[in-house]
Amino acid sequence: MTEACIRTAVEAIHSSPYQTVLYLAGGASQILGLLLSVPGASNTVLEAVVPYSRMSLIQLLAKIPLHFCSQQTADDMALLAYNRALKLSSPGSPVIGVGFTGSLASGRPKHGEHRFYMSTRTADRLWISKVTLTKGLRTREEEDRVSSHLLLKAIANACKVPSNDIPELSESDVSDECVKQFNEDQELEQLINGQICFKIYPFRSEIPAERKIILPGSFNPLHDGHIKLMEVATRICGDGYPCFELSAVNADKPPLSVSQIKDRVNQFEKVGQTVIISNQPYFYKKAELFPGSAFVIGADTAVRLINPKYYDGDYNKMLKILGGCKETGCTFLVAGRNVDGAFKVFDDLNVPEELKDMFISIPAEQFRMDISFTEIRKKSGT
């Protein structure tokens with residue numbers, strides 16, 4: 001009966017739209033077998049990492065935690081997993097970050113409690129739980145099974161599917177849990193302050209492709225030139241999911257406010273275009289956020305992109321940073337644009353030979369806009 005209930009819960013998880021990254025330390029190892037042994041796991045599991053040694057966990061967290069087995073560590077792992085899931089997921093798919101850290105029965109008796117901490121992070125919710133198991137009641141394998149079953153229930157809960165028939169704890173075990181809810185404003189605040197890396201508003205109706213076609217900008221305002229450029233870029237790429245991208249954080253200006261972001265997002269909702277709000281103003285960081293994507297830029301932006309001036313005047317540093325973008329699988333589609341008073345296309349630019357295959361020219365006969373987006377903004381009075 002138990003196995004049938006677990007399988008039913010896993011099938012429901014795999015049928016949900018949620019995609020998940022799991023970071024597990026110190027227990028709940030059987031959750032991987034439970035999830036991966038049922039068909040459809042590729043719908044759910046994006047990645048699973050087991051930072052079992054202390055050094056592995058330190059490298060994952062990029063810090064030495066005050067306590068390796070603690071609620072704070074589980075929460076930190078879940079947030080990292082959530083951000084990782086955002087990067088790996090299909091555009092617009094809801095994601096879950098799972099963090100687990102435990103101190104279970106081992107080869108020698110423990111002086112402290114047998115306990116574990118779980119955390120699941122979604123866009124609008126953080127669910128946390130501490131479970132203290134009765135010492136001597138179970139073997140290590142049995143404690144791992146209990147922790148795996150409870151983590152499965154937590155994932156099912158995050159996916160909004162039933163899991164009530166999965167066995168729970170004995171009367172002598174102790175469980176303590178709580179939930180924090182986030183509204184849209186709080187989520188955007190978390191984005192601005194760097195806790196989460198981006199938020200996507202999937203206003204397009206079609207099923208997203210795995211690869212993103214991204215047109216970055218300030219979109220103040222969004223206008224027909226942006227829409228037309230995206231249409232042309234999408235035809236050239238042949239496949240991919242069109243996304244506009246607005247960075248809430250600017251390199252040389254104060255970050256956008258929550259109300260400013262929401263005002264600009266409303267523009268995309270009105271025209272049915274997907275927009276991503278990120279916190280990275282630099283292209284090499286955008287490439288890390290959106291690996292394998294095609295970025296749509298103007299020739300004026302391309303000129304700055306390959307100018308050593310913006311890399312501390314160091315030509316080799318420019319090559320190294322853009323080479324890193326290349327390694328992520330990113331490409332740049334370059335539209336003709338006015339540069340220093342003259343209309344230029346990609347072929348007019350002095351691109352280093354090592355980087356040329358990163359760039360694709362958008363022919364002027366397919367898209368040409370002699371007036372800059374800045375001039376459009378001035379004329380509109382915004």
Side-chain angles (χ1 to χ4, degrees), residues 90-93 184 188 191 198-248 250 256 259-281 283 286-287 289-290 292-305 330-339 343-346 359-382:
S90 301
S93 295
E184 183 184 8
L188 290 173
L191 186 149
F198 67 82
K199 175 176 174 60
I200 187 166
Y201 292 85
F203 294 132
R204 292 184 70 94
S205 57
E206 71 262 32
I207 298 173
E210 187 171 340
R211 190 187 193 204
K212 301 179 184 74
I213 303 169
I214 299 175
L215 198 165
S218 58
F219 307 112
N220 185 27
L222 173 69
H223 54 73
D224 289 343
H226 294 123
I227 304 295
K228 174 65 174 175
L229 179 55
M230 178 62 89
E231 289 173 353
V232 171
T234 303
R235 285 200 301 270
I236 291 173
C237 283
D239 64 340
Y241 185 66
C243 305
F244 295 86
E245 185 256 344
L246 168 68
S247 177
N250 294 286
L256 297 177
S259 61
Q260 286 175 314
I261 294 171
K262 292 172 78 173
D263 285 344
R264 296 189 198 183
V265 166
N266 286 339
Q267 300 177 105
F268 294 92
E269 185 173 16
K270 289 175 182 176
V271 296
Q273 296 288 341
T274 291
V275 62
I276 300 170
I277 312 301
S278 81
N279 57 15
Q280 292 297 345
F283 274 102
K286 295 182 196 290
L289 280 186
F290 312 114
S293 296
F295 290 96
V296 186
I297 61 176
D300 52 344
T301 300
V303 166
R304 293 193 296 273
L305 195 63
C330 289
T331 56
F332 294 92
L333 279 73
V334 183
R337 192 71 58 80
N338 271 317
V339 180
F343 185 83
K344 292 187 177 181
V345 295
F346 173 72
F359 295 88
I360 300 169
S361 180
I362 296 178
E365 58 268 23
Q366 294 191 38
F367 180 86
R368 176 163 181 162
M369 181 172 283
D370 293 270
I371 185 172
S372 72
F373 292 163
T374 302
E375 289 176 90
I376 292 174
R377 183 164 58 250
K378 288 178 180 178
K379 288 188 175 184
S380 68
T382 58

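Heavy atoms only: backbone and side chains are in, while hydrogens, waters and symmetry mates are out. The first residue of the sequence shown is numbered 1, and numbering continues consecutively from there.
With sequence neighbours excluded, the residues that form a ring pair (Phe, Tyr, Trp, His ring centres under 6.0 Å) with Phe268 are Phe219, Phe244. Not counting sequence neighbours, Gln267 has no partner by the side-chain hydrogen bond (donor to acceptor under 3.5 Å, both in side chains) test. Partners of Arg211 under the salt bridge (charged side-chain N to carboxylate O under 4.0 Å, His left out) rule, at least two apart in sequence or in another chain, do not exist in this structure. A search for side-chain hydrogen bond (donor to acceptor under 3.5 Å, both in side chains) contacts involving Ser205 returns nothing, not counting sequence neighbours. When the side-chain hydrogen bond (donor to acceptor under 3.5 Å, both in side chains) test is applied to Ser93, no partner is found at least two apart in sequence or on another chain. Under the rule for a side-chain contact (heavy atoms from CB on, under 4.5 Å), the partners of Asn266 that lie at least two apart in sequence or sit in another chain are Asp263, Glu269. Applying the ring pair (Phe, Tyr, Trp, His ring centres under 6.0 Å) criterion to Phe290, with sequence neighbours excluded, gives Phe198. Contacts of Lys228 classified as salt bridge (charged side-chain N to carboxylate O under 4.0 Å, His left out), with partners at least two apart in sequence or in another chain: none. Considering only residues two or more places apart in sequence or on other chains, Val303 meets the side-chain contact (heavy atoms from CB on, under 4.5 Å) condition with Val339, Leu349. Listed by chain and residue number, nothing satisfies the salt bridge (charged side-chain N to carboxylate O under 4.0 Å, His left out) test with Lys344 (two or more places apart in sequence, or in another chain). The side-chain hydrogen bond (donor to acceptor under 3.5 Å, both in side chains) check on Gln260 picks up Ser257, with sequence neighbours excluded.
Note on residues 238-247: pairs passing side chain to side chain donor-acceptor pair (under 3.5 Å), not counting sequence neighbours, are Tyr241-Thr274, Glu245-Ser278, Glu245-Lys286.
Looking at every heavy atom in both residues, Phe283 comes nearest to Pro216 through CE2-CG, 3.7 Å. Nearest heavy atom pair, residue Leu215 against residue His226, reads CD1-O, 3.7 Å. Scanning both residues, Ile213 and Ala233, for their nearest heavy atoms gives CG2-CB, 4.4 Å. Ala335 and Phe367 make their closest contact through CB-CD2, 4.0 Å (heavy atoms, listed as atom of the first residue, atom of the second, distance). Contact record, Val232 with Gln366: CG2-O, 3.5 Å, taken as the closest heavy-atom pair. Across all their heavy atoms, Leu191 and Ala248 have their closest contact at CD2-CB, 3.8 Å.
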Subject >> Verdict with reasoning, Leu222 to Lys270, per side-chain contact (heavy atoms from CB on, under 4.5 Å) >> reply: CA-CA 11 Å; Leu222 173 69; Lys270 289 175 182 176; over 6 Å; no
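To the nearest 0.5 Å, atom CG of residue Leu305 and atom CZ of residue Phe295 are 10.5 Å apart. Note that the CE atom of Met230 and the SG atom of Cys237 stand 9.0 Å from one another [nearest 0.5 Å]. Rounding to the nearest 0.5 Å places CG of Leu188 at 10.5 Å from OG of Ser259. Atom CZ of Phe346 sits about 9.5 Å away from atom CD1 of Ile360, to the nearest 0.5 Å.
Contact of the Leu246 side chain with the Leu256 side chain is registered, since non-hydrogen atoms from C-beta on lie closer than 4.5 Å. Residues Val296 and Pro242 fail the side-chain proximity criterion, which asks for heavy atoms closer than 4.5 Å. Side-chain contact between Leu229 and Leu333 is absent, with no heavy atoms from C-beta onward closer than 4.5 Å.
Without hydrogens or angle criteria, Arg264 side chain to Ser218 main chain gives a donor-acceptor distance under 3.5 Å.
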